[in-house]
Amino acid sequence: MNKNFYITTPIYYPSGKPHMGHAYSSIVADIFARFKRLEGYDVLFLTGTDEHGQKIQKEAEKNNKNPKEFCDELSEKFRSLTKILNLTNDDFIRTTEQRHYDAVKDIWNRLVKSGDIYLDKYSGWYSVSDEAFYDEDEVEKKEGKRIAKSSGSTVDWVEEESYFFKLSAWQDKLLDYYKKNKDFILPSSRKNEVISFVKKGLKDLSISRTSFTWGIQVPENSKHIIYVWLDALTNYISALNFPDTDGTKYKSFWPADVHIIGKDILRFHAIYWPAFLLAAKLPLPKRVFGHGWILSDEKKMSKSLGNILDPIEIINKYGIDQLRYYLIKEVSLGNDGSISMQNLKNCINNDLANNYGNLCQRVFSFIKKNCSNRIPRSNKLETKDIKMLDNLKDKIPDLIKLINKQNLNEYIKIVVSFSFDANKYFNDSEPWSLKKSDPNRMNTILYTSVEQIKNISILLNPIIPESTNKVLDVINLKKKDLLIENISNDSIFDHNQELKNLDILFKKIENDN
RNA sequence: GGCGAGGUAGCUCAGUUGGUUAGAGCACAGGACUCAUAAGCCUGGGGUCGGCGGUUCGAAUCCGCCCCUCGCUACCA
């Protein structure tokens, strides 16, 4: 059995600067990627940018740039975000790359060959200002003009030649796939939405445009540009060197283990993408996980409300691990969640500074003062020592299961509880009062505490990599030792080497406003 | 309108197939300690489990009706 794991973020449309939603999807995906590496998997973690379309073309024109040049700049912003977020993506795909063009064209040809593409006319009420088509019932007559009910902008009847994908033909196959693969769409509440949508009946999908030129041309008809979803979704396999389906990369990593996406693009990933793949006779991804949105103080972020959260600003102010931790601990993955500065501060101070950070600090500085700064060897472990260590060790299979179901919230809750326990253990054991009376027992308590700190740090590593790496470095662990299997392995400690100095891990946030 | 999810302590939520005084974290109050980032530990207050009615020896947990909130309801991504 191959220990390969392929996980993706959405590819981001770079028409604006990166926002919290982008950061969230990426961080979530990164955490799973890191965890699977801890488990010993060979991981491929992909992110990137989706760069075609009318909007980009127009923006480029406005800025007097050719679209490619314009995209180079925009995409770079997203690439630099991966560094700021401390992502471990193995690749960064751009839809303007040759490898992507090759893949999309091949997919197109496969769909033509299978008879799933036909040429027809796309017609509807189009609003230039909204850049959107409206159905008959979304339009009303007012003073002799037709306007869109939702926006009030005028609409015109437009007919455009377009290629269509026979989405309707795949309805039953899709429903069948959902039924047979119960966890294909998670969380399950979203699965219900998708199923009920498909059950209502699928219309064929317009998959080409002639109204703009910035995109991938239809192979046999250069007037047409392949429209967004068929182009964008294909990125997940173009990064695997598709159409080279015999290549190692494709063979090792397709089908993907999970596409992490926001709930707003669930339909495209849970309906269109599998339908394209079915038609192209390619295997379907194993899972699509649609997470919720990040709100700002319970409200949707908007420019007019002035409550837009800039991830970079927060990171500069509080730190990347702090943001990563908060997003995972306080936001229920799958549901919408909100960031409030007060909650963020509480979370940093309580969980990170006072709990985990201070645990490390108190144990290491005690060792420095009383054990010539070396991890003491344990004497005979007593029941309470074993109990604490086993409590963590015994939960590992459960923790792995939680991660495999993308249940990060439960995962982090359990891991944090170990840190609570360790503080209590240290407290109740009172090593300071054993200094003279029973130094052997004191050593055992310190050893046990360090062992537990190591184990907790490994489990927290996917979430707060920067900080836990510092802690593991203090006790002289190597990067290669960072594996789940080294939990409860105390033979990796070097008892002769001095501990490195640990600066304050997490600074407390003062209430300043 | 249709389909779906949910309403449990001030806040965020957990409550497996109905069963002893309904739980956790945060916030709040008090206490003992001192290794530590005045951190950690212990104790406590606080809930008619949305409302009404029903099934049952017994319901937050099952059934019915009502009230409220949220999501989805196709080609901007």
Side-chain angles (χ1 to χ4, degrees), chain A residues 10-16 21 50 52-56 122 124 127 130-135 138 151 162 164-165 167 187-209 227-230 232 262-268 271-272 290 292-293 298 329-332 334-338 340 342-343 345-347 349-370 409-410 413 416-417 419-420 422-435 442 445-446 449 502-509:
Chain A
I11 47 172
Y12 303 118
Y13 200 65
S15 61
D50 171 22
H52 293 132
Q54 191 169 31
K55 222 180 218 167
I56 294 280
Y122 184 63
S127 155
D130 299 350
E131 288 180 27
F133 279 92
Y134 292 101
D135 271 347
E138 292 174 306
S151 65
S162 170
F164 282 81
F165 172 71
L167 185 62
S188 52
S189 54
R190 304 248 178 266
K191 173 173 140 182
N192 295 336
E193 290 174 10
V194 171
I195 290 177
S196 70
F197 183 87
V198 175
K199 277 188 175 161
K200 274 201 279 187
L202 295 172
K203 284 191 220 161
D204 289 350
L205 198 64
S206 159
I207 50 166
S208 78
R209 287 289 186 281
Y227 195 49
V228 58
W229 286 108
L230 185 53
K263 63 178 183 180
D264 47 336
I265 52 173
L266 178 62
R267 183 188 314 141
F268 311 110
I271 300 174
Y272 298 179
W293 284 336
E298 308 286 320
K329 176 80 188 321
E330 298 293 317
V331 177
S332 159
N335 296 118
D336 291 352
S338 72
S340 83
Q342 192 55 50
N343 286 346
K345 283 175 192 170
N346 285 344
C347 184
N349 289 350
N350 293 326
D351 284 26
L352 294 178
N354 294 347
N355 198 315
Y356 173 70
N358 188 52
L359 171 69
C360 297
Q361 201 68 35
R362 71 198 297 202
V363 170
F364 295 154
S365 69
F366 196 96
I367 289 176
K368 188 171 185 180
K369 283 180 193 162
N370 301 291
N409 301 104
E410 193 60 25
K413 225 163 107 183
V416 167
S417 77
S419 183
F420 276 73
N423 266 314
K424 180 171 164 53
Y425 168 85
F426 197 78
N427 235 72
D428 294 353
S429 307
E430 297 184 37
W432 50 90
S433 62
L434 296 168
K435 263 187 261 185
M442 180 190 81
I445 288 157
L446 292 172
S449 300
L502 180 67
D503 295 329
I504 294 293
L505 260 189
F506 303 99
K507 266 201 276 188
K508 299 235 293 196
I509 312 298

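In what follows, chains carry the letters A, B, and so on, assigned in the order in which the sequence lines appear, proteins first and then strands, with residues in each chain numbered from 1.
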(request) Using the P atoms only, state how far B:rA5 lies from B:rC65, rounded to an integer number of Å. (result) 15 Å

(request) Take atom C1' in B:rG46 and the same atom in B:rA9, then report the distance between them in whole Å. (result) 6 Å

(request) Applying salt bridge (charged side-chain N to carboxylate O under 4.0 Å, His left out), name anything that partners A:K424, two or more places apart in sequence or on another chain. (result) A:D428

(message) Measuring only between side-chain heavy atoms, which start at C-beta, is A:F164 closer than 4.5 Å to A:I207?
(response) no

(request) Represent RNA chain B in dot-bracket notation, 5' to 3'. Only Watson-Crick or G-U wobble pairs with both distances under 3.5 Å count; pseudoknot-style crossings use [ ] and interstrand partners use |. (result) (((((((..((((.....[...)))).((((.........)))).....(((((..]....))))))))))))....

(request) Could you encode protein contacts along nucleotides 32-38 of chain B as a string, one character per nucleotide from 5' to 3', using B for base contact, S for sugar-phosphate-only contact and - for no contact, with a heavy-atom cut-off of under 4.0 Å? (result) --SBBB-

(request) Scan for side-chain hydrogen bond (donor to acceptor under 3.5 Å, both in side chains) pairs involving residues 187-198 of chain A, sequence neighbours excluded, and state none if there are none. (result) none

(message) Has A:S433 got a side-chain atom pairing as donor or acceptor with A:E430's backbone, closer than 3.5 angstrom?
(response) yes

(message) For A:D351, give me all partners under side-chain contact (heavy atoms from CB on, under 4.5 Å), at least two apart in sequence or on another chain.
(response) A:Y325, A:K329, A:V416

(request) Using the P atom as the reference point in each nucleotide, state the distance between B:rA29 and B:rU73 in Å, no decimals. (result) 47 Å

(message) Would you measure the distance from the P atom in B:rA24 across to the matching atom in B:rA36 and give it in whole Å?
(response) 31 Å

(request) Looking at every strand, decide which applies to A:N349 at a 4.0 Å heavy-atom threshold: base, sugar-phosphate, or nothing. (result) nothing

(message) Would you compute the distance between atom OG of A:S208 and atom CZ of A:F165 and round it to the nearest 0.5 angstrom?
(response) 14.0 Å

(message) Between B:rU48 and B:rA60, how many Å separate the two P atoms, rounded to a whole number?
(response) 13 Å

(message) Students often get this wrong, so: under 4.0 angstrom with heavy atoms, is A:F197 touching a base, only sugar-phosphate, or nothing?
(response) base

(message) If I pick the C1' atom on B:rC13 and the same atom on B:rA27, what distance separates them, to the nearest angstrom?
(response) 15 Å

(request) I would like to know whether A:Q361 and A:L505 meet side chain to side chain contact (heavy atoms under 4.5 Å, CB included); could you show each step before the answer? (result) CA-CA 8 Å; A:Q361 201 68 35; A:L505 260 189; 5.7 Å; no

(message) Quick check with a 6.0 Å cut-off and a 45 degree axis cone: is A:R267 positioned over the face of A:Y272's six-membered ring?
(response) no

(request) Determine the contact category for A:G292: base if any of its heavy atoms lies under 4.0 Å from a base atom, sugar-phosphate if only primed atoms, P, OP1 or OP2 are that close, otherwise nothing. (result) nothing

(message) I'd like to know if the side chain of A:Y122 and the backbone of A:R209 have a donor-acceptor N/O pair within less than 3.5 Å.
(response) no

(message) Please report the distance, rounded to the nearest Å, between CG in A:L202 and C1' in B:rU73.
(response) 13 Å

(message) Can you check the distance between B:rG47 and B:rU8, where both ends of the measurement are the C1' atom (answer in whole Å)?
(response) 8 Å

(request) For A:R267 and B:rA74, give me the distance from atom CZ to atom C1', rounded to whole Å. (result) 4 Å

(message) Looking at B:rA77, I'd like to know if its phosphate oxygens (OP1 or OP2) sit under 4.0 Å from a side-chain N or O belonging to A:Y227.
(response) yes

(message) Nearest heavy atom decides the nucleotide; on that basis, is A:S196 or A:Y272 closer to the 5' end of RNA chain B?
(response) A:S196

(message) Test of understanding: with ring pair (Phe, Tyr, Trp, His ring centres under 6.0 Å), list the residues that count as partners of A:F366, not counting sequence neighbours.
(response) none

(request) Would you tell me if any nitrogen or oxygen in the side chain of A:N350 comes within less than 4.0 Å of OP1 or OP2 on B:rA27? (result) yes

(request) Write down the distance separating the P atoms in B:rG45 and B:rG25, rounded off to the nearest Å. (result) 14 Å

(request) Could you tell me the separation between the CG atom of A:N409 and the P atom of B:rG15, rounded to a whole number of Å? (result) 12 Å

(message) Would you say A:K413 places a side-chain N or O within less than 4.0 Å of OP1 or OP2 belonging to B:rC13?
(response) no

(message) Expressed as a whole number of angstroms, how long is the span from A:Y425:OH to B:rC42:P?
(response) 16 Å

